[in-house]
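Single-structure report; data block below.
This chain uses plain numbering: 1 for the first residue, then up along the sequence.
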Amino acid sequence: MSAPAALSAPGWVEIETGLQRSRAGGASQRDNLNYALKYAFSEDWGLRLQGEGWVHEQPGPGHRGLGDSSLVLKHRHSLDEDAALGLELSLKLPTARRGLGSGRRDAGLLGIYSLDFGEGRVWHTDVNLGLTQLGRLETKQGHWQRAWAVDLARQLGPDWTVAAELSGLGQRGTRSTHRGLLAASYALSPSVVIDFGSSRGLNRISGGWAVFAGLTFLAGRIDTPSP
């Protein structure tokens with residue numbers, strides 16, 4: 001899903017984990033166990049380590065194991081009570097088993113605009129624009145991959161949130177891909193949230209259906225943020 005400008009709670013380690021099953025077409029299937037470890041030094045600066053803790057691709061004997069990982073530095077800049085900008089610098093590390101990743105490092109830059117609006121601020125939107133320098137290319141492909149995503153979410157009472165998203169990828173020498181996504185989340189407590197949803201490719205080369213479910217929770221406090 002698209003990234004918000006907001007960071008996790010300052011001083012706390014936040015963990016996200018989830019399962020995703022996706023189909024690229026025919027009998028091709030990919031199962032992922034994803035994770036993200038987040039730590040915010042303040043409301044405006046934070047770090048995130050994320051990746052695929054386990055991948056299983058079918059068909060293909062032996063196509064299972066650790067996936068790629070990424071390290072992300074994030075900065076938030078508040079515009080007012082309702083709006084904020086975000087900037088993420090990322091480095092993808094080729095930790096995946098051979099055949100499950102590109103085998104090369106990628107570097108990325110993501111710009112974010114987030115806005116709360118409507119009566120009671122029950123509506124929220126995130127707009128993402130990203131650019132990634134790819135470490136591995138096929139013949140005649142460009143070195144840069146462009147990404148965009150726009151989501152719209154609405155709170156349904158104190159616990160439930162529903163969201164819809166459109167996203168896409170583009171690169172010189174390849175056809176652009178586009179996906180649509182629907183998701184919902186439920187807050188079990190102020191520190192534990194579950195989410196689930198489904199996405200689908202909107203053109204032939206964007207892949208088929210994907211379903212996912214995840215859990216986000218505060219694992220523990222490391223220090224007390226400065227006032």
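- Under the 4.5 angstrom side-chain criterion for Ile, Leu, Val, Met, Phe, Trp and Tyr, the cluster partners of L218 are W12.
- With sequence neighbours excluded, no residue satisfies ring pair (Phe, Tyr, Trp, His ring centres under 6.0 Å) with Y35.
- Applying the side-chain hydrogen bond (donor to acceptor under 3.5 Å, both in side chains) test to every pair with at least one member in residues 157-170, sequence neighbours left out, gives these pairs: S2-E165.
- Identified under the salt bridge (Lys or Arg N to Asp or Glu O under 4.0 Å) test for residues 141-155, with sequence neighbours left out: none.
- The hydrophobic cluster containing L93, built from Ile/Leu/Val/Met/Phe/Trp/Tyr side-chain heavy atoms closer than 4.5 Å, also comprises L91.
- Taking N34 as the reference, nothing meets the side-chain hydrogen bond (donor to acceptor under 3.5 Å, both in side chains) condition, with sequence neighbours excluded.
- Remark: Q155 engages no residue in a side-chain hydrogen bond (donor to acceptor under 3.5 Å, both in side chains) (not counting sequence neighbours).
- Listed for the S189 side chain is a donor-acceptor partner under 3.5 Å among the backbone atoms of S191.
- Applying the salt bridge (Lys or Arg N to Asp or Glu O under 4.0 Å) test to every pair with at least one member in residues 69-84, sequence neighbours left out, gives these pairs: D44-R76, K74-E88, E81-R121, D82-R121.
- Under the rule for a ring pair (Phe, Tyr, Trp, His ring centres under 6.0 Å), W148 has no partner lying at least two apart in sequence or in another chain.
- Taking W209 as the reference, nothing meets the ring pair (Phe, Tyr, Trp, His ring centres under 6.0 Å) condition, with sequence neighbours excluded.
- Judged as a side-chain hydrogen bond (donor to acceptor under 3.5 Å, both in side chains), the pairs with a partner in residues 198-207 (not counting sequence neighbours) are, in order, R179-S199, N203-S206.
- With sequence neighbours left out, the ring pair (Phe, Tyr, Trp, His ring centres under 6.0 Å) criterion links H75 to W45.
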